[in-house]
Amino acid sequence: MHTVLTPRREFWLLLTLAGIQFTHVLDFMIIMPLGPQLRTLFDINDAQFGFLVSAYTFAAGVSGLLAASFVDRFERKRLVVVLYVLFGLTTLACALAPSYVLLMLSRVAAGTFGGILSAMTQTVIGDVIPFERRGRATGFVMTSFAMATVVGVPSGLMLANWGGWHSAFLAIAFMCAGVCAMALVCLPRLDAHVAKAQGQKISFAMRQVLADPNHRRALWMSGFMMFAGFTIIPYITIYTQANHVLAPDEIPYIYLCGGTVTLLTARWVGRLSDRIGKRKMFQRMLLLAMVPMTITTVLQPAPLPWVLMVFAGFFFCMNARMIPGMALLTSAAQPQWRGTFMSLNGAVQSVAIGMASWLGGMLIQRDAGGQVTHFWLCALVGIVATLLAFTLSRRVEMHSAPQTS
């Protein structure tokens with residue numbers, strides 16, 4: 001039974017959930033373009049920076065998996081507010097961290113709480129929003145990802161260039177305080193699920209999901225899809241600056257252009273996926289993505305419009321895989337186990353991102369002049385992962401989609 005909200009209260013609820021997602025996504029993304037500053041400040045190498053990126057996603061994956069065993073035992077509003085306060089405090093700890101080790105510990109803590117919050121926003125939508133409006137509500141909240149890329153990262157970078165890397169995390173922590181106040185006012189009390197959760201074991205549902213070969217193929221496909229992109233993404237800023245492709249004050253333009261293209265094309269990609277079929281669209285975008293992945297890792301100094309065109313194509317292809325890919329994943333799940341399957345999928349994707357970020361940092365090297373070399377190896381690994389995802393997608397069966405898809 002859903003809590004009935006007025007249209008006005010529903011809007012403010014969705015805006016609050018979008019704010020939670022925005023700060024979580026921005027907190028994860030902002031560390032990547034700050035790579036050159038952090039390397040210099042803490043005197044770390046590229047592999048150590050890669051571990052700094054991957055630690056967040058490893059923590060998010062583990063916490064998301066563990067959270068499946070207890071989130072239904074607590075009233076939603078209280079749990080979301082407590083987790084979000086802790087997330088804000090750990091983000092503040094990132095801003096105040098005086099050393100690499102303390103920054104690492106703060107990132108692990110932020111990822112732990114952020115990973116659970118990401119799942120909780122979708123859970124609240126399912127609890128409150130009626131089925132016939134749930135798609136639009138999810139789309140509204142999911143725009144926070146594009147907004148984090150278009151507005152959040154460029155603004156954070158400009159702030160970091162002006163006031164140091166600490167200022168970007170301080171700004172996110174202040175935003176968390178404002179969104180938390182909104183959550184206290186806008187989130188309704190949701191506790192009808194608590195009684196039903198008593199005595200249930202999440203391990204039974206997880207065993208049922210993993211016992212299905214189609215579920216396993218879909219989860220592997222999802223992991224390889226995410227792995228392919230994140231061997232490259234965390235090191236774009238380090239490569240472009242070290243190899244003089246872009247000046248430090250030009251880095252925000254990468255995320256501004258890439259995010260804008262993603263925002264403008266997302267609905268078109270979704271409609272095209274519905275028209276030609278999710279599987280076909282996913283496979284075509286996987287193959288197309290290999291082109292900008294390769295160009296990005298061998299890019300040389302060139303006029304700014306050409307460089308931005310390359311990165312716009314890269315971001316477009318990364319997002320254009322995700323839209324039909326997630327639709328294919330949702331359809332691959334047995335309907336009665338879809339919630340557990342998607343929780344496991346979130347954990348798999350987070351771990352895949354972490355492993356890819358760590359491996360990318362191990363692969364790239366520096367020459368005597370400090371320029372990044374062997375970045376093309378990251379593209380090669382990403383292409384192999386892309387082809388594995390393509391192969392698996394041919395064997396994933398869909399339970400709630402037409403056979404022609």
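All figures in this text were calculated on a predicted structure; none of them were measured in a lab.
At least one donor-acceptor pair closer than 3.5 Å links the side chain of Tyr239 to the backbone N or O of Leu299. A distance-only check finds no donor-acceptor pair linking the side chain of Tyr100 to the backbone of Arg39 [under 3.5 Å]. In this structure a side-chain-to-backbone donor-acceptor pair under 3.5 Å is present from Thr90 to Phe87. The main-chain N or O of Ser393 is found under 3.5 Å from a side-chain atom of Arg279 such that the two form a donor-acceptor pair. For the pair His166 (side chain) and Ala95 (backbone), a donor-acceptor distance under 3.5 Å is present. When atom types are taken as modelled, the side chain of Asn161 and the backbone of Leu157 share a donor-acceptor pair closer than 3.5 angstrom. Between the side chain of Thr240 and the main chain of Leu246, no donor-acceptor pair closer than 3.5 Å is present. Without hydrogens or angle criteria, Glu250 side chain to Ala247 main chain gives a donor-acceptor distance under 3.5 Å. A donor-acceptor contact shorter than 3.5 Å links the side chain of Gln48 to the backbone of Asn45. Not a single donor-acceptor pair under 3.5 Å links the side chain of Thr296 to the backbone N or O of Met293.
Residue Tyr253 places its OH atom among 12 or fewer non-hydrogen atoms of other residues, nucleotides or ligands, all under 6.0 Å distant. Residue-environment remark: CE (Met104) exceeds the threshold of 12 foreign heavy atoms within 6.0 Å. Counting heavy-atom neighbours within 6.0 Å of Phe174 CZ, excluding the residue itself, gives a total of 12 or less. The environment of CZ in Arg395 is sparse: at most 12 heavy-atom neighbours from other residues, nucleotides or ligands sit within 6.0 Å. Counted within 6.0 Å of CZ on Arg78, heavy atoms from surrounding residues, nucleotides or ligands total 12 or fewer; the atom is thus considered open.
Expressed to the nearest 0.5 Å, how far CD1 of Ile233 lies from CZ of Phe230 amounts to 4.0 Å. Here OG1 of Thr262 is found 10.5 Å from CZ of Phe314. Values are rounded to the nearest 0.5 Å. The line from CE of Met281 to CG of Leu272 is 4.0 Å long, rounded to the nearest 0.5 Å. Once rounded to the nearest 0.5 Å, the distance linking CG of Leu328 with NZ of Lys278 reads 9.5 Å. Note that the CG atom of Leu184 and the CG atom of Leu187 stand 8.5 Å from one another [nearest 0.5 Å]. Of the inter-residue distances, the one linking His374 atom NE2 with Trp376 atom CH2 reads 6.5 Å to the nearest 0.5 angstrom.
Between Val351 and Phe58, the closest side-chain pair of non-hydrogen atoms falls below 4.5 Å. Ile232 is listed as a side-chain neighbour of Phe375, based on a closest heavy-atom distance under 4.5 Å. With contacts defined as side-chain heavy-atom distances shorter than 4.5 Å, the pair Tyr84/Cys176 qualifies. A 4.5 Å side-chain heavy-atom check between Arg107 and Asp27 finds at least one atom pair inside the cut-off. Tyr235 is listed as a side-chain neighbour of Phe49, based on a closest heavy-atom distance under 4.5 Å. You'll find the side chain of His24 stays beyond 4.5 Å of the side chain of Leu117, heavy atoms only. Residues Leu210 and Leu219 form a side-chain contact, since some pair of their non-hydrogen atoms from C-beta on lies under 4.5 Å apart. No side-chain heavy atom of Leu377 sits less than 4.5 Å from a side-chain heavy atom of Ile364.
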Practice prompt. May I have the step-by-step check of side-chain contact (heavy atoms from CB on, under 4.5 Å) for Met32 and Ile236, ending in yes or no?
Written response: CA-CA 8 Å; Met32 293 183 279; Ile236 287 175; over 6 Å; no
Item to complete: Kindly determine whether Phe224 and Phe390 satisfy side-chain contact (heavy atoms from CB on, under 4.5 Å), including the steps that lead there.
Response: CA-CA 9 Å; Phe224 283 125; Phe390 181 93; over 6 Å; no
Item to complete: Evaluate the criterion side-chain contact (heavy atoms from CB on, under 4.5 Å) for residue pair His215 and Leu344; output intermediate values, then yes/no.
Response: CA-CA 10 Å; His215 287 166; Leu344 285 171; over 6 Å; no
Worksheet entry | Verdict with supporting geometry, Leu103 and Trp165, side-chain contact (heavy atoms from CB on, under 4.5 Å) | CA-CA 12 Å; Leu103 179 59; Trp165 72 273; 4.1 Å; yes
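Among all heavy-atom pairs drawn from Ile276 and Lys280, the shortest one is O-CD, 3.5 Å. Minimum interatomic distance between Ala47 and Met362 (heavy atoms only, all atoms of both residues): CB-SD, 3.8 Å. Nearest heavy atoms, Val261 versus Ala312: CG2-CB, 3.9 Å. Of all non-hydrogen atoms in Gly382 and Ala228, the two that sit nearest each other are O-CB, 3.4 Å. Residues Val81 and Cys180 share a closest heavy-atom pair of CG1-SG, 4.3 Å. Taking all atoms of both residues into account, the shortest heavy-atom contact from Gly354 to Ser54 is O-CB, 2.8 Å.
With salt bridges taken as basic N to acidic carboxylate O contacts below 4.0 Å, none links Asp212 and Arg217.
Side-chain contact annotation: Thr373 with Gln365, donor-acceptor N/O pair under 3.5 Å absent.
For the side chain to side chain contact (heavy atoms under 4.5 Å, CB included) criterion with Phe227, the lone passing option out of Leu359, Val384, Ile353 is Leu359.
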